[in-house]
Amino acid sequence: MLKIYNTLTRKKEPFQPRVAGKVGLYVCGMTVYDYCHIGHARVMVVFDTVARYFRHQGYQLTYVRNITDIDDKIIQRAIENGEDYHQLTERFIDAMHEDERALSVLPPDLEPKATQSIDAIIAMVQTLIDKGLAYVGTNGDVFYAVSKFKDYGRLSGKNLDDLQAGERVDVDLAKRNPMDFVLWKMAKANEPFWESPWGNGRPGWHIECSAMSTCCLGNHFDIHGGGMDLQFPHHENEIAQSEGATGEKFVNVWMHNGFVRVDDEKMSKSLGNFFTVREVLKKYRPEIIRFFILTSHYRSPLNYSDESLNDAKAGLDRLYTALRGVDITADSAIDEAYKVRFEQAMDDDFNTPVALAVLFDLARELNKTKEVNPQQAGILAATLKQLSGLLGIVQDDPDAFLKGLVDAESDDEQIEQQIQNRTAAKKAKDWALADKIRNDLKGQGVILEDSPDGSTSWRRE
RNA sequence: GGCUGCGUAGCAAAAUGGUUAUGCAGUGGCCUGCAAAGCCAUCUACGGCGGUUCGAUUCCGCCCGCAGCCUCCA
């Protein structure tokens, strides 16, 4: 029985789909004005893993992740670059898809863009005005009247009085209440705009997600996800907008992933302490990043450091080493006991650290079994590979992974040659020469491993 | 200030009212010409103070420390 932690109730709850066998999942995606950083990678990997697991459990999943391709930052960046905003966003959408593919993140089923959802957005804003939940401010912008929505603050555990006690510095005089947020924003000169009943302008950020999720999944759907920082105000506002407009319950389960941190601080654009995915990919292979993300539970903070990435590499090496040299047939049997343990971990709010622990236990048993019972080893190896696949890892050929390099300038042949020389030296019992060759290769980051049968395999550090 | 959440061994990271987490690193052994890998064994824990309990790292209270949100943010 799958249990999911619901931010709305602050409890793990048994997952009950609205419609038996089907799941609708919406995740707030990227605002595309720059390259994805490791924090974005975490969202992609976490919800990709969630999606994979739902499918594995036999659910018919519709996974929607939007693209915010119009907002203040995009406009600002386009002006800075002296390029058309649309050109800018298309460029970074391509880059994002590249990063995703690198991280073995499967594409969502639907990837709506804000700029292609303008009609739905305008319709929803109009409904909110008609229902008296929104109004046109003195500057022409349309605002949501937060005080008209009784449950405002329920998701984030805030109430309007507390929020107002915190009071912000710049009170926008166009609003009736400082907490009101913008639904439709009037365009300034030279800014992109769409026509609307309230004049030429563009949608506010929050309404985009309400409109896109409703469009793709209906007024009421199963799961909405995103980063912790979106809890307030973004998701709070989405609830107010969607429930206000439709009069129906919006979302059953809210899932929020924790942050990636650097030196115990949130990794973010504003702090400037972020590492982009492509930057990290220069040093570490993509699967290492994915593994690193999965070593921590999705709601916990994840501390980014070279040490953590190196640990992830070592862990992956261990799993691949266990698989090395074992034949896996496509229709091989699966060890049910390990599968059950793995699924129990994943059923417990997608507990990937425990799921990985099961894989390591499996690897240990596989290592023990290899020499004595090849048939059983085949079953264990097939199990290890299949369960790893649910996490999107360990699908490479073991030898290819272990010999792999970030910048694959291929001196493999030279290595093989050296190994042959060493094998000859060993035969001649010239240990000094054999050890020298091994040391030289070590200096190049190549580790040799002799097998009992006299053959030598190698891997890169 | 208000509201969330966290504090586990050298590092990372889970679970759990009494029983091995797991990975990396360390120590001892097996294996090896020597290594590496692997296997076996083993050492490091539950922020502090009270309370509940036969028994608490696990539940409750207080304190200390840390992070996040309250403004754009994954």
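Note on naming: letters A, B, ... go to the chains in the order of the sequence lines (proteins, then strands), and numbering restarts at 1 for each one. Basis for what follows: all heavy atoms, side chains included, without hydrogens, waters or symmetry-related copies.
Electrostatic pairing of A:Lys313 and A:Glu287 does not count as a salt bridge here, judged by no charged N lying under 4.0 Å from a carboxylate O.
Checking B:G33, B:C39, B:C69 against the side-chain heavy atoms of A:Lys266 singles out B:C69 as nearest. Among B:C40, B:A74, B:C34, the nucleotide with an atom closest to any side-chain atom of A:Leu230 is B:A74. The listed nucleotides are B:A36, B:A74, B:G2; the one nearest the side chain of A:Lys158 is B:G2. Here the nucleotide nearest the side chain of A:Arg10, chosen from B:C70, B:U4, B:G33, is B:U4. Of the listed nucleotides (B:C72, B:C39, B:A74), B:C39 has the atom at the smallest distance from the side chain of A:Arg364. Distances from the side chain of A:Met30 to the nucleotides B:C39, B:A74, B:C72 place B:A74 closest.
Counting any heavy atom pair closer than 4.0 Å across all strands shown, A:Gly226 reaches sugar-phosphate atoms only and no base atom. Residue contacts shown for A:Val260 include a base, since a base heavy atom lies under 4.0 Å away. When heavy atoms are screened at a 4.0 angstrom cut-off, A:Met267 is found touching base atoms of the nucleic acid. Here A:Gly153 lies out of heavy-atom contact (under 4.0 Å) with every strand. At the heavy-atom level, A:Leu448 lies under 4.0 Å from base atoms of the strands shown.
Classified by interplanar angle (parallel below 30°, tilted 30° to 60°, perpendicular above 60°), the ring pair A:Trp254/A:His235 is tilted. Note on ring orientation: taking the six-membered ring where Trp is involved, the planes of A:Phe401 and A:Tyr320 are parallel (angle under 30°, cut-offs 30° and 60°). Ring geometry for A:Phe274 versus A:His37: interplanar angle of 30 to 60°, hence tilted.
For B:C62, the paired base is B:G48 (Watson-Crick or G-U wobble, both distances below 3.5 Å). Both distances falling under 3.5 Å, in either a Watson-Crick or a G-U wobble arrangement, place B:G1 opposite B:C70. Across every strand in view, B:A12 sits in a pair with B:U22 that passes the Watson-Crick or G-U test at under 3.5 angstrom. B:C31: no Watson-Crick or G-U partner with both key distances under 3.5 Å is found in any strand.
Separating the P atom of B:C11 from that of B:U16 is a span of 24 Å, rounded to the nearest Å. For the C1' atoms, the distance linking B:C30 with B:A36 amounts to 15 Å, nearest Å. When the C1' atom is used for both B:C62 and B:U71, the distance is 34 Å, rounded to whole Å. B:A74 sits 16 Å from B:G68 when the P atoms are compared, rounded to a whole Å. Using atom P as the reference point in both B:G26 and B:A35, the two lie 15 Å apart (nearest Å). On the C1' atoms, B:G50 is 25 Å away from B:A9, given to the nearest whole Å. B:G2 and B:A56: their P atoms are spaced 33 Å apart (whole Å). Going from the P atom of B:U27 to that of B:A37 covers 13 Å, rounded to whole Å.
The distance between atom CG of A:Leu160 and atom C1' of B:C3, rounded to the nearest whole Å, is 13 Å. The distance from atom CD of A:Glu208 to atom P of B:C72 is 13 Å, rounded to the nearest whole Å. What separates OH of A:Tyr152 from C1' of B:C70 is a distance of 10 Å, to the nearest Å. Protein atom CZ of A:Phe259 is 15 Å distant from nucleotide atom C1' of B:C66, rounded to whole Å. One interatomic measurement links the two molecules: CG of A:Asp71 to P of B:U71, which rounds to 18 Å at whole-angstrom precision. Regarding A:His234, its NE2 atom lies at a distance of 15 Å from the P atom of B:C69, rounded to whole Å. Regarding A:Phe232, its CZ atom lies at a distance of 14 Å from the C1' atom of B:G68, rounded to whole Å. Here B:A36 presents its C1' atom at 12 Å from CD1 of A:Ile419, a figure rounded to the nearest Å.
Scanning atom types as modelled, one donor and one acceptor separated by under 3.5 angstrom connect the side chain of A:Arg438 and the base of B:A35. At a cut-off of 3.5 angstrom, the base of B:C34 holds no donor-acceptor pair with the side chain of A:Asn439. If you check distances only, the side chain of A:Asp435 does reach the base of B:G33 with a donor-acceptor pair under 3.5 Å.
In the displayed structure, A:Asn439 atom CG is contacted under 6.0 Å by more than 12 heavy atoms of other residues, nucleotides or ligands.
Residues A:Asp349 and A:Tyr298 have side chains that bring a donor and an acceptor to within less than 3.5 angstrom of each other. Inspection of the A:Tyr26 and A:Asn66 side chains reveals an N or O donor paired with an N or O acceptor under 3.5 Å. For the residue pair A:Glu416/A:Trp458, the side-chain donor-acceptor check at 3.5 Å is satisfied. Side-chain contact of A:Asn421 with A:Gln417: a donor-acceptor pair under 3.5 Å is present, judged by distance alone. In summary, the side chains of A:Asp71 and A:Tyr33 do not present any donor paired with an acceptor at a separation below 3.5 Å, with no hydrogens or angles considered. Remark: the A:His56 side chain and the A:Glu343 side chain contain an N/O donor-acceptor pair separated by less than 3.5 Å.
Each of A:Gln231 and A:Gly29 has a nearest nucleotide on RNA chain B; the 5'-most of these lies closest to A:Gln231. Nearest-nucleotide positions on RNA chain B for A:Thr321 and A:His206 put A:Thr321 closer to the 5' end.
The phosphate of B:A21 has neither OP1 nor OP2 within less than 4.0 Å of any side-chain N or O from A:Arg341. Considering only side-chain N and O atoms, A:Lys368 lies under 4.0 angstrom from the phosphate OP1 or OP2 of B:C40. Between A:Asn367 and B:C39 there is a side-chain polar atom (N or O) within less than 4.0 angstrom of OP1 or OP2.
Residues from residues 295-318 of chain A with heavy atoms under 4.0 angstrom of RNA chain B, sorted by number: A:Thr295, A:Ser296, A:His297, A:Ser300, A:Pro301, A:Glu307, A:Asp311, A:Ala314, A:Gly315, A:Arg318.
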